[in-house]
Structure formats: structure tokens, C-alpha cells
Number of protein chains: 2
Amino acid sequence: MDRGSWNGDSMTADARPAAPALTERQEARRRRILHASAQLASRGGFEAVQMREVAEAAGVALGTLYRYFPSKIHLLVATMQDQLQHLHTTLRKRPPAGDDAAQRVAETLMRAFRALQREPHLADAMVRALTFADRSVSPEVDTVSRLTTAIILDAMGLEHPSPEQLSAVRVIEHTWHSALITWLSGRASIAQVKIDIETVCRLIDLTAEPGTGAARELDRG
Amino acid sequence: MDRGSWNGDSMTADARPAAPALTERQEARRRRILHASAQLASRGGFEAVQMREVAEAAGVALGTLYRYFPSKIHLLVATMQDQLQHLHTTLRKRPPAGDDAAQRVAETLMRAFRALQREPHLADAMVRALTFADRSVSPEVDTVSRLTTAIILDAMGLEHPSPEQLSAVRVIEHTWHSALITWLSGRASIAQVKIDIETVCRLIDLTAEPGTGAARELDRG
DNA sequence: CGCTAATCTAGAACAAGTTTCAGACTTGCT
DNA sequence: AGCAAGTCTGAAACTTGTTCTAGATTAGCG
């Protein structure tokens, strides 16, 4: 029911209640399932990921699929974890080059956005699942959230963010998810998404430590 | 499998897709349906709104329910329109009293938030439907979005917002929806939502016309 | 090796959203 | 009033997520 492969360098949390140590064949099954999920999602988005089809494409019985992922939402959120991890390592290889934190974050997010653009159906499936998830998926959604936070903090170049900065990062994440959704459902253009990302990234300057950012003197509340 | 048979127009500004002039009994049916929907949602959230139950509670055949609302998502988004309209008129009666625009918007949103807190299940159903909606519901979701925008602009006291300000408002809406979801799924506390709302509202000052706001001299965009 | 518990498989069964259809009822029009 | 077109009803059917069951396989262990 949960990620197993934690290759070291996670930041603070251990959290991970119990990855019950999968055997090799089990790990392979899990991987086949995730692959099938992503593949089907790439074709036709959320609705195209049908549990029976995933099971068949992964060469696994339906019951087994449900043993590994207790619901379609769990499956798709896990798929998103997977993809995000890829993205994170990709981004680490070529970090953004902007002058200040806000620019780097905006650039990072737009890069991620362009990656998703290449597989809009996959993006659709993952993001819809993510925002539709209810309490039973909270731990998994939280993992995705932490991953996203890590990516953004990376782009900012921050180790020890202040509470204010964390709030700004959360707001950026909110905007990112929600803007993605409006784009995916055809209610906003890419240009609009770009503008909104840049707009929200301005918050970063607002919460920069005194002396390090563009906005040093705002009448603080 | 597709509900493309809508009266022509869609994303043009005009809205209101030609409501074909319902008779009185039809209007009454529609109202009964929306009422049943809200009632069931208040009890048990998204999953408790079951189409057969809505139909029965509204005293209407299942087929009729589907004639009025072509899917469960359509129904819940319409329910949200309804509730938002109430909220809007309520808010107009007692407008927020803050000193600057950012404060008034934050206060308005927190007031709305507290209203939703009183019916968390209803909020759950409506917001989940809203963010899960796919393209086929775009016109209706757009209506909700315009309503929300109107509420925020009201709080700001703006008639003719600049493009920058519209972007800020969109970002606020994104944050509002997404923060609501994280709260509903138990991944954020109310305090955190409040902080994030206040954080994002700072963008309003950033985009205020020169001379009218707190932030007159930021190195432009 | 042989045993036991856990896991996996195939397939049926169930639940809720959605579609369909035949027949009854309304509405609008003349 | 009388009729044609559109609407509503009740019930069954279909789809896809989810659960359950009985039997086959596999893993761990003495």
C-alpha cells in the first residue's frame, strides 16, 4: 500500500509506517502495475485507467491489483509519486538559473508544466486523482505534497524556511495544482497559467528574509 | 458517452447557455432536485449523493434527474452555484470592514470558510465535484468561477481590475479551492488555511495601482 | 523434502453512475 | 376539444469500481 524505495536522502521525516519488504517478484509486479497505469493514463486520461485493464496489462489478477493499491485513486496517486520522483531527479541535474528565488521557482514550475504538457492525459489522470482523493488517501497525498515542496524549496535554494516561507510555498502549490486543473479542463490557456505562476511566485520575494530579497520593507502584519 | 448536445455556445463571455425557459412545474422540480442534493450532501458528503436517492427524495424519476443534470458532477456543481449565490447576497448585506483591500478579501474568504465549516459534508461534495469536473462541465464550472471572482472583486471594491489584478484574483481562487480541499481531507488545520489565505491576499497589495496601495514601489514586473 | 501461512488467480457477485425503452402524462396549438 | 410533440415515469440493462470466494502457487522454515 505504500512506497518502498526510499533511496536515502529524504529530508526530515521518516514517517513511513511499514513498507513490508516486498520480494523481488512483488517489486516487479508493483512496477508492472504502475507502468500499466501510466501507460493507460497517457492514452485516455483518468477514465481510461480501468482497473480490469490495468490488471490485465500488468499481467496480474484484479484481486492482486487491489492488494497492491486499495483503490483507483491510490493507484493514480502512487503513479504521481513515481512521476514526481523522476521529475525531481531530472530537475536536480539541471537546476534553474534565474537571478532570484522567485524567478527560479517560476522557471522550475513552468518546466514541470511543459513536461506535463507532453502527456496531458497522464497529467489529467494524476491531478484529478490527487484532488479527488479523500481522507483514506491522505498519507499518500501528503507524500506527493512533500515531494512538491521539496522541489520548490530546491529551486529557492532554501534549507531552513521560515513559517512565512512555508506558507508561501503552500500557496504556490495550491496555485500550481489548481491552475493545472483549469488548464487541463480547457478553462485557461497556457499563457494564463504562466502569468498566474509568475504572479504567485512574487510571494517569495515578499517573504524573503530582511536584506536578502527585493522586498525588504513591507509594513508587516 | 458524451454530452456534447448542448446548445451551441460555450466559452464565450455570454454565459447562461440558453436556459430553455422552464415551466413552473419544471422550475419546481429543478428546485426540489437541488434541495435534495444539498440535503444528502450535508449528511454524508460526495458519496452520500447517490443519483437514485436524489431522484427519490426529489420525487422524480431517475431519467428525469438526468435530463435536468446530465451527471452527478453537473448536479453538484449546480448545487455549488446555488449555494454561492446565497453566499454572495449574504455577503453583500454585510460587507467586510477592513482597512485595505487585502484585509477585506481575507476577511470575506474566512467568512465564507466559516460558513462552509458549518456544513463540512456539503462543502466536501461541492468542492470535490468542482475540482473533479472534466471538460464536459466547463461552462458550469466557469459560472462558479465567475461568481467567486465577483465575490472577491466586491470585497476589493474594484470595478475595472487590471490584468495583473485579475491574475492575482485567479491565484487567490486557486488557493481558496485547494486550501479548502486540503482542509476537508484533514491534511491542514483551519489555522493553516487562515494563514495561507492571508498570505495569498498580500498579492493584492502588490498589484494595486500605484498610489492606491501599500506597495507603491516594487521593482515592477 | 514436506508443511503451513501467505499470496496469487480466475471468476462471480455487488454497488452506484449512466443509458435505454415503452408507455403515461403535459403542453402548446389550432 | 383534439392532436402532435415533447416530457415524465418505472423498470431493466449496461459499465466500471470494488468485494468476495475457492482453489492453485509460492515463500519461509524445520
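In this text, all values refer to a predicted model and were calculated from it rather than measured experimentally. Protein chains get the first letters and strands the later ones, always in sequence-line order, with residue 1 at the start of each.
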Greater than 12 external heavy atoms within 6.0 Å of A/H88's NE2
yes
Is there any protein nitrogen or oxygen under 3.5 Å from a nitrogen or oxygen in nucleotides 24-30 of chain C, and what are the pairs?
| from | atom 1 | to | atom 2 | distance (Å) |
| --- | --- | --- | --- | --- |
| C/dT26 | O3' | B/R25 | NH1 | 3.4 |

Checking B/R43 side chain against B/V49 main chain: does a donor-acceptor pair fall under 3.5 Å?
no
Charged tip of B/K72 within 45° of B/F46 ring normal and under 6.0 Å:
yes
Atom pair distance, as rounded to whole Å: CZ in B/F46 and P in C/dA16
13 Å
Heavy-atom nearest pair, B/M126 first then B/L76, reads CG-O, 4.4 Å
Segment of DNA chain D, first to last nucleotide, that comes within the 4.0 Å heavy-atom reach of chain B:
D/dT7 to D/dA13
So if I define the base as every atom that isn't primed, P, OP1 or OP2, how would nucleotides 5-13 of chain C read as a B/S/- string at a heavy-atom cutoff under 4.0 Å?
--SSBB--B
Heavy-atom side-chain contact between B/L91 and B/D154 under 4.5 Å
no
Is it true that B/E56 and B/R52 make a salt bridge, defined as a side-chain N closer than 4.0 Å to a carboxylate O?
no
Evaluate the criterion salt bridge (Lys or Arg N to Asp or Glu O under 4.0 Å) for residue pair A/R111 and A/E107; output intermediate values, then yes/no.
CA-CA 6 Å; A/R111 227 193 264 179; A/E107 188 191 323; 3.0 Å; yes
Students often get this wrong, so: under 4.0 angstrom with heavy atoms, is A/V49 touching a base, only sugar-phosphate, or nothing?
sugar-phosphate
What I want to find out is whether B/R31 reaches B/D82 closely enough, with some N-O distance under 4.0 Å, to be called a salt bridge.
yes
Among B/T175, B/T199, B/D196, find the residue that satisfies the side chain to side chain donor-acceptor pair (under 3.5 Å) test when tested with A/R170.
B/D196
Donor on one side chain, acceptor on other, A/E173 and A/T149, under 3.5 Å:
yes
